[in-house]
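Okay, structure first, notes after.
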Amino acid sequence: MTLSRSIALALLSLSFTAANAQIQGFTPASSTHEAEVEKKFKSIPSPEEERRQHRIFTQEPHIAGSKRNNELAEYIRDEWKKQGLEDVVIRRYDVYGTNPKSTFLEMTAPTHYQALLRETPIPGDDDSKNPAITSAWLGMSISGEVTAPLVYAHSGNPEDYDLLRKNGISVKGKVVLVRYSNPYSYRGFKALTAQREGAAAILIYSDPQEDGYKKGKVDPDGPWGPEYHIQRGAITYDFMVPGDPLTPGWASVPGAKRIPIEDAVSAPKIMALPLSWHDAKPLLENLGGPAAPADWQGGLGFEYHFGGEQEKVHLKIEMDNGTQPYYVVEGRIRGSELPDEWIVLGNHRDAWVFGGVDPSSGTASMMELTRALGQLKQQGMRPRRTIIVCSWDGEEVGLTGSTEWGEQFADELRSKAVAYINVDEATSGPEFHGQAVASLAPMLEETTRTLDDPSGKSLYDAWKATVAKERENKSSGPFNSGASNSTLADTRIGSGSDHTVFLNFVGMPVIGLGFEGDYGVYHSAYDDFYWMNHFGDPGYRYHTVMSQLWGVTALRLANADLLPFDFAMYASNIRQFVNDLASNNKLVILREVDGSRSEPATQSKDLVSRLDLTDVILDLISVMKTTDAFEAAGKKLNYSVEAKLASGPIDPKLAATLNHGMMQVERNWLNPDGIPGRPWFKHILYGARFTYAHLELPGLTEAVEAKDSPTAKQQAEILQRALEKNTKLLRDLNESLNSK
Ligand SMILES: [Zn+2]
């Protein structure tokens, strides 16, 4: 094809886009067909069915490994078969179990107080009376008993212990009392920090300032956490390696090799217990010693003190750690034309208690999504590629079910998988959040344009408004929005849900979808059906939109003629990651002058002027140059693909070459050795901090932050090589497209 012809076609396709809504990745004829399929699909999910499914999943507590959760696995299997899904199986993983036998806490001095460790029933919410609700406990706590002095350590982050030290207070052998979110950090990071400080145990409580009455009305009058709510959770060190601690990097299929728990890096070595503020208040109120500083104060209405030697607590925790089976349910609709190209969808089933939001809102949305997919198939609208849907188990314990499944099928996924779409909490309120690797951000945005938000706007416009609001108060929230300015999607992807194994271990592009709102009952017994029907999504309209969005996104990936990846967008995102790394660490990006000396690179002029030149200096100019080349190759490919699509049907062989090539790009971001110190995490662009926060260019960033120049140079070279490999790949694809 000549250049002028391809320009003409590109122009044609642009005007076509406006007039006939040509969809990214589709020819005009396929776009028309796809629009019909999507219209049919969107008409199927209903709020009544979402509510009915939600009630089934929130009827009883269903923690990982419990009888009820296993019954729900069988229920999903049977429903999927009825709905028309194919190859429905339940896969079993035998994992290290973590269940409470008994927990006990009392203050013994200066006064006596025995902690309740239970959530009291809420008037009007009959589920809150269910005797199967567990007491306070944290997954992966060790068993033990201790009587020791109590110290208040604020949020339990390293800087908090530094401040205690400055005040002459050691926590060695003592029990530390910390709060959940000020600022937010993953409870497992708090546990590891306390363990490193030599504490005997850690108590983590919910301060009303963060999720209770200081935020607004509490349950049953509002969405915030009441006096007795307990945030359960696991403290697994899954930021080191997720999944079953006894099988790091391989699947816990029955009979698999296992390491001793003492050798497991992700298994905590400390006792840990969560508390409601009802139970934390008498402890805090009776702490003496110096007054804690202003930013350590909370919402309980008295002055918080550090504590000292006089105040003592007695803690006893007995856990049951036998091996237990976790069950992943898997079903699919086999692709009509390309059955060996897979779109994988997943949601976890296990909940700390009822799981009203987390995860049963997502599970209800998944059941409506699969019902709609089954109906399409029965009406002759089978997707071109295979859509696989999974119900994960043990996400709450250590992302366990998805990790074991991903490890079991890693090789097959690396050759067949197009993308993974995760929905954990489908809805806790009306604000849409979409996460995606940057190459899929534009297609996700485009998809939201075709959906109606319950507010009356398009989902795209509603999303845009949410992102604008977030960017305004960017510094105020515990989770800074990572959305870059060129896209609505949050392209800074940390850990904390089931996408982790697919992105960081397998090397699959991922998308994460969820609606959010005020939500103070997370991981407590009050996160239930009542809460959802009064606060989260009373009409189940957001659940319904989630089923539609999740399904339409999957269908676009499944039916596209040429997969809708945008690698130019990926490149500009990577450039932003590198620039952020430089500015956050006062790095100067050097460029060569006359092949001998170096001077600050001019392309980041405004950046350089703000930098302290004396700190760390790293030559990232080759990385920047190759990022530019990758972007140019991505733009050319976008252009050629668009022109090709506009010209009509595509030769299947050519389409296969292009699609397999594009699927390979994400795999090429993997370094088989993993990031330094954490070999399981293989992606060189995405990782997570120990706090669960997103961490871009993880190996390089951690080396720079540690001022470890040799490792930083080595990691920069690995990035450089991956960029070169993907640039060449895109150029080859572009050539194959233009030589036909
Ligand atoms: Zn969840």
Side-chain angles (χ1 to χ4, degrees), residues 34 36-59 62 71-90 328-336 342-349 355-356 359-392 421-427 447 450-452 454 459 511 513-515 529 532 537 539-559:
E34 174 68 10
E36 280 166 30
V37 170
E38 290 178 7
K39 193 175 164 207
K40 177 73 213 167
F41 179 89
K42 285 189 283 189
S43 73
I44 300 169
S46 81
E48 295 72 29
E49 272 299 297
E50 300 275 357
R51 187 173 191 273
R52 190 181 72 81
Q53 291 287 3
H54 188 248
R55 185 57 190 146
I56 290 167
F57 286 95
T58 56
Q59 188 89 48
H62 52 289
E71 285 167 4
L72 287 173
E74 289 170 355
Y75 165 76
I76 291 174
R77 176 196 62 196
D78 297 345
E79 282 286 292
W80 281 357
K81 284 184 178 170
K82 277 187 234 158
Q83 291 173 346
L85 265 64
E86 298 155 330
D87 308 329
V88 181
V89 290
I90 294 185
V328 169
V329 194
E330 177 193 315
R332 68 184 67 196
I333 306 272
R334 288 192 290 266
S336 58
W342 296 353
I343 321 302
V344 185
L345 279 52
N347 157 265
H348 73 90
R349 183 179 68 255
S360 303
S361 62
T363 314
S365 288
M366 177 182 73
M367 297 310 286
E368 272 298 86
L369 159 101
T370 50
R371 184 170 73 88
L373 283 178
Q375 277 199 22
L376 283 195
K377 187 200 81 176
Q378 260 121 26
Q379 293 170 23
M381 284 179 263
R382 189 183 276 280
R384 294 180 67 230
R385 297 182 178 82
T386 295
I387 297 179
I388 298 179
V389 189
C390 291
S391 166
W392 309 121
I421 314 176
N422 193 57
V423 174
D424 185 326
E425 302 167 2
T427 171
T447 307
T450 66
L451 288 149
D452 300 323
L459 181 58
I511 291 176
L513 309 170
F515 287 93
F529 189 67
M532 184 58 74
D537 186 18
Y540 286 81
R541 296 175 305 165
Y542 290 92
H543 281 77
T544 309
V545 180
M546 180 54 77
S547 298
Q548 294 169 331
L549 171 65
W550 198 0
V552 171
T553 309
L555 285 168
R556 287 197 176 184
L557 290 166
N559 292 335

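Only this structure's heavy atoms are used, side chains among them; waters, hydrogens and symmetry mates stay out.
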Mind checking the [atom1]-[atom2] spacing from [X] to [Y]? Nearest 0.5 Å is all I need.
X	Y	atom1	atom2	answer
Glu86	Lys81	CD	NZ	12.5 Å
Asn347	Trp550	CG	CH2	5.0 Å
Met381	Leu373	CE	CG	11.5 Å
Thr427	Leu513	OG1	CG	12.5 Å
Thr544	Leu451	OG1	CG	11.5 Å
Leu459	Phe515	CG	CZ	5.0 Å

Pair Glu38 + Arg556, salt bridge at N-O below 4.0 Å = yes

Could I get the full list of side-chain contact (heavy atoms from CB on, under 4.5 Å) partners for [X], not counting sequence neighbours?
X	answer
Ser46	Glu48, Glu49, Glu368, Arg371
Gln59	Arg55, Arg68
Asp87	Arg332, Arg334

Residue set satisfying ring pair (Phe, Tyr, Trp, His ring centres under 6.0 Å) with Tyr75, at least two apart, ordered chain then number -> Phe57

The ring pair (Phe, Tyr, Trp, His ring centres under 6.0 Å) partners of His543 (sequence neighbours excluded) come to His54, Tyr540

Can you sort out the partners of [X] under salt bridge (charged side-chain N to carboxylate O under 4.0 Å, His left out), two or more places apart, ordered by chain and number?
X	value
Lys39	none
Lys42	none
Arg385	Glu341
Arg77	none

Report yes if the side chains of [X] and [Y] come closer than 4.5 Å at any heavy-atom pair, otherwise no.
X	Y	answer
Val37	Leu555	yes
Asp452	Val545	no
Met366	Leu345	no

Quick note, salt bridge (Lys or Arg N to Asp or Glu O under 4.0 Å) partners involving residues 539-552, not counting sequence neighbours, are none

Over all atoms of both residues, closest heavy-atom pair of [X] and [Y]:
X	Y	result
Gln548	Phe41	O-CE2, 3.8 Å
Ser361	Met532	CB-CE, 3.8 Å
Gly84	Ile333	O-CD1, 4.1 Å
Ile76	Ser391	CD1-OG, 3.4 Å
Met546	Ala426	CE-O, 3.7 Å
Pro47	Gly539	CB-O, 3.4 Å

Under the side-chain contact (heavy atoms from CB on, under 4.5 Å) criterion, do Ile421 and Leu557 qualify, and how do the steps go?
CA-CA 10 Å; Ile421 314 176; Leu557 290 166; 4.1 Å; yes

Taking Leu549's backbone N and O only, do any of them form a donor-acceptor pair with Thr553's side chain (distance below 3.5 Å, no angle check)? yes

*Quick one: do Val328 and Ile90 satisfy side-chain contact (heavy atoms from CB on, under 4.5 Å)? Show the steps, please.*
CA-CA 6 Å; Val328 169; Ile90 294 185; over 6 Å; no

Derivation of the side-chain contact (heavy atoms from CB on, under 4.5 Å) call for Val389 and Val329 = CA-CA 8 Å; Val389 189; Val329 194; over 6 Å; no

Determine, stepwise, if the pair Glu50 / Ser547 fulfils side chain to side chain donor-acceptor pair (under 3.5 Å).
-> CA-CA 9 Å; Glu50 300 275 357; Ser547 298; 2.6 Å; yes

(Q) What I want to check is whether the side chains of Gln83 and Thr370 have a donor and an acceptor closer together than 3.5 Å. (A) yes

- Do Thr386 and Trp342 have side-chain atoms, one donor and one acceptor, less than 3.5 Å apart? no

- Query: side-chain contact (heavy atoms from CB on, under 4.5 Å) between Asp424 and His348: does it pass, once the steps are laid out?
  - Reply: CA-CA 6 Å; Asp424 185 326; His348 73 90; 3.0 Å; yes

Residue set satisfying side-chain hydrogen bond (donor to acceptor under 3.5 Å, both in side chains) with Lys40, at least two apart, ordered chain then number -> none

By side-chain hydrogen bond (donor to acceptor under 3.5 Å, both in side chains), Asn559 pairs with (sequence neighbours left out) Glu34

